[in-house]
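The structure appears below as structure tokens.
Residue numbering restarts at 1 for every chain, and letters A, B, ... go by the order of the sequence lines. This one's a predicted model, so the numbers in the text were calculated from it and none came from an experiment.
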2 protein chains.
Amino acid sequence: MPTSLPQLKKEFTEGLSQISRFWGFPKGMGAIFAVLYLSSVPLSLDEIVQKTGLTKGAISTEVRTLARMGLVHRSSKLADRKDYYEAESDFYKSIRSILKERQNSEFDNAIRSIAKTLAKLNAGEISGDNEEIKFIRQRVQAMQEFFDALDSLTHAVVKLESLGLSNISKILSVLK
Amino acid sequence: MPTSLPQLKKEFTEGLSQISRFWGFPKGMGAIFAVLYLSSVPLSLDEIVQKTGLTKGAISTEVRTLARMGLVHRSSKLADRKDYYEAESDFYKSIRSILKERQNSEFDNAIRSIAKTLAKLNAGEISGDNEEIKFIRQRVQAMQEFFDALDSLTHAVVKLESLGLSNISKILSVLK
DNA sequence: TAGAATGTTTAGATATAACTAAACGAATTA
DNA sequence: TAATTCGTTTAGTTATATCTAAACATTCTA
């Protein structure tokens with residue numbers, strides 16, 4: 001028997017919810033993106049309420065996060081004070097925007113704290129057993145280099161405006 | 001005034017805990033990895049208890065997860081029934097191992113569910129408005145292609161045994 | 001076999017995140 | 001100005017994840 005369209009949308013939405021949770025986001029965020037992504041016209045907040053079953057409050061905050069990550073866009077119609085939202089469908093664009101967003105995050109603060117640790121070690125400002133200090137400096141430095149590499153990797157991806165992910169992976173597989 | 005070595009270790013451990021949480025792992029996991037990473041000798045479970053302040057139970061389960069991800073290794077000494085743990089210091093190796101581990105995860109199941117949705121759409125098994133079905137098929141397909149690209153990208157990275165991340169990012173930046 | 005030293009599992013506590021319901025504020029219209 | 005329509009914020013609830021404490025299982029030793 002044929003699946004109905006609403007049923008199919010529901011399955012899709014549940015799938016995206018799981019994916020959202022996997023990446024450490026609220027599952028509601030995935031659901032919101034899903035309904036926007038499957039809609040050919042921008043939706044108002046109340047329409048999203050109706051389609052997801054979430055409350056205005058939750059959607060208001062989560063949609064803001066999505067917008068900050070570049071995954072949805074806010075728009076408005078003339079003579080209509082409702083806000084409308086639509087999904088970004090160019091995922092490559094979104095990725096770049098997410099990576100940029102990441103710059104000021106907790107993550108980078110933490111990484112900076114590693115760098116500070118290393119600076120202290122290199123400046124000889126640490127008191128303690130010399131052999132151990134040597135070992136630890138070497139370890140911390142290796143980690144710092146790894147994070148630096150990750151960082152320049154993401155910068156490189158951000159810079160590659162026109163190249164799609166699929167092309168990048170093709171290139172990498174050739175390098176093998 | 002010079003920072004003491006224990007103080008420095010504490011700072012480093014807190015940094016890694018934050019990073020761990022950022023990636024959606026328990027912060028205790030970051031702490032456990034940190035103490036192992038800063039130790040030049042493998043540590044027993046009780047030593048980790050002593051150095052992190054966590055309980056045996058928590059460490060027992062978290063260290064298992066770390067081992068599965070290839071971030072720590074379990075070893076044992078002759079005539080000593082304690083287990084010993086040490087950190088993997090080759091992060092590139094760890095990344096590959098983590099990506100492999102990911103294969104059977106919730107994430108990939110969710111992605112497979114997207115593929116199933118698409119298959120139904122393509123098989124014409126869906127009842128509903130034709131224009132809308134057309135639109136939705138196009139959208140779901142675009143998403144599927146994106147995930148496929150991501151997938152082959154990770155496969156490519158996994159395959160690149162000898163190439164470090166820093167080299168990869170160098171290559172990508174040249175491509176620009 | 002009894003006892004000790006280990007690692008694991010489990011039941012429950014605590015902390016954290018997600019979400020709801022309702023109050024609020026701002027803008028708009030009557 | 002009063003009433004309406006929208007989005008946001010907030011206080012509190014619910015759900016989930018993390019961690020503890022203690023029971024448990026296993027292996028070794030005497």
Taking the minimum atom-to-atom distance to the side chain of B/Leu45, which one of C/dT8, D/dT8, D/dC19 wins? C/dT8
Students often get this wrong, so: under 4.0 angstrom with heavy atoms, is B/Asp46 touching a base, only sugar-phosphate, or nothing? nothing
Go through D/dT9, D/dC19, D/dT8 for me and flag the one nearest to the A/Lys56 side chain. D/dT8
Just checking, any donor-acceptor pair under 3.5 angstrom between side chains of A/Glu14 and A/Gln18? no
Please report the distance, rounded to the nearest Å, between CD1 in A/Ile48 and C1' in D/dC6. 14 Å
Separation of A/Asp83 atom CG from D/dT5 atom C1', in whole Å? 12 Å
Approximate separation, where rounding is to 0.5 Å, of B/Thr13 OG1 and B/Leu38 CG: 6.0 Å
Looking at the side chain of B/Pro26, which of C/dT8, D/dC19, C/dC19 is the nearest nucleotide? D/dC19
More than 12 heavy atoms of other residues, nucleotides or ligands under 6.0 Å from NZ of A/Lys51: yes or no? no
At under 4.0 Å, does any side-chain N or O of B/Arg21 touch on OP1 or OP2 of C/dA15? no
Between the side chains of B/Gln50 and B/Asp46, is a donor N or O closer than 3.5 angstrom to an acceptor N or O? no
Comparing nearest nucleotides in DNA chain C, the 5'-proximal residue of the pair B/Lys82, A/Gly24 is B/Lys82
Nearest to the side chain of A/Ser60 - D/dT9, C/dT20, C/dT9? D/dT9
Regarding the side chain of A/Leu54, the nearest nucleotide among D/dA21, C/dT8, C/dT20 is C/dT20
Between B/Glu62 and A/Val63, which has a closest nucleotide on DNA chain D that is more 5'? A/Val63
Would you call the rings of A/Phe12 and A/Tyr37 parallel, tilted or perpendicular, taking 30° and 60° as the class edges? parallel
A/Glu47 has an atom CD; how far is it from atom C1' of D/dG7, in whole Å? 15 Å
Whole Å only: how far is the CD1 atom of B/Ile59 from the P atom of C/dG7? 10 Å
Rounded to whole Å, please give me the gap between CZ in B/Phe22 and C1' in C/dA17. 16 Å
Quickly work out the B/Lys77 NZ to C/dT6 P distance and round it to whole Å. 12 Å
Does the base of C/dT28 carry an N or O that pairs as donor and acceptor with the side chain of A/Arg81 under 3.5 Å? no
Spacing between B/Lys27 atom NZ and D/dT20 atom C1', to the nearest angstrom: 13 Å
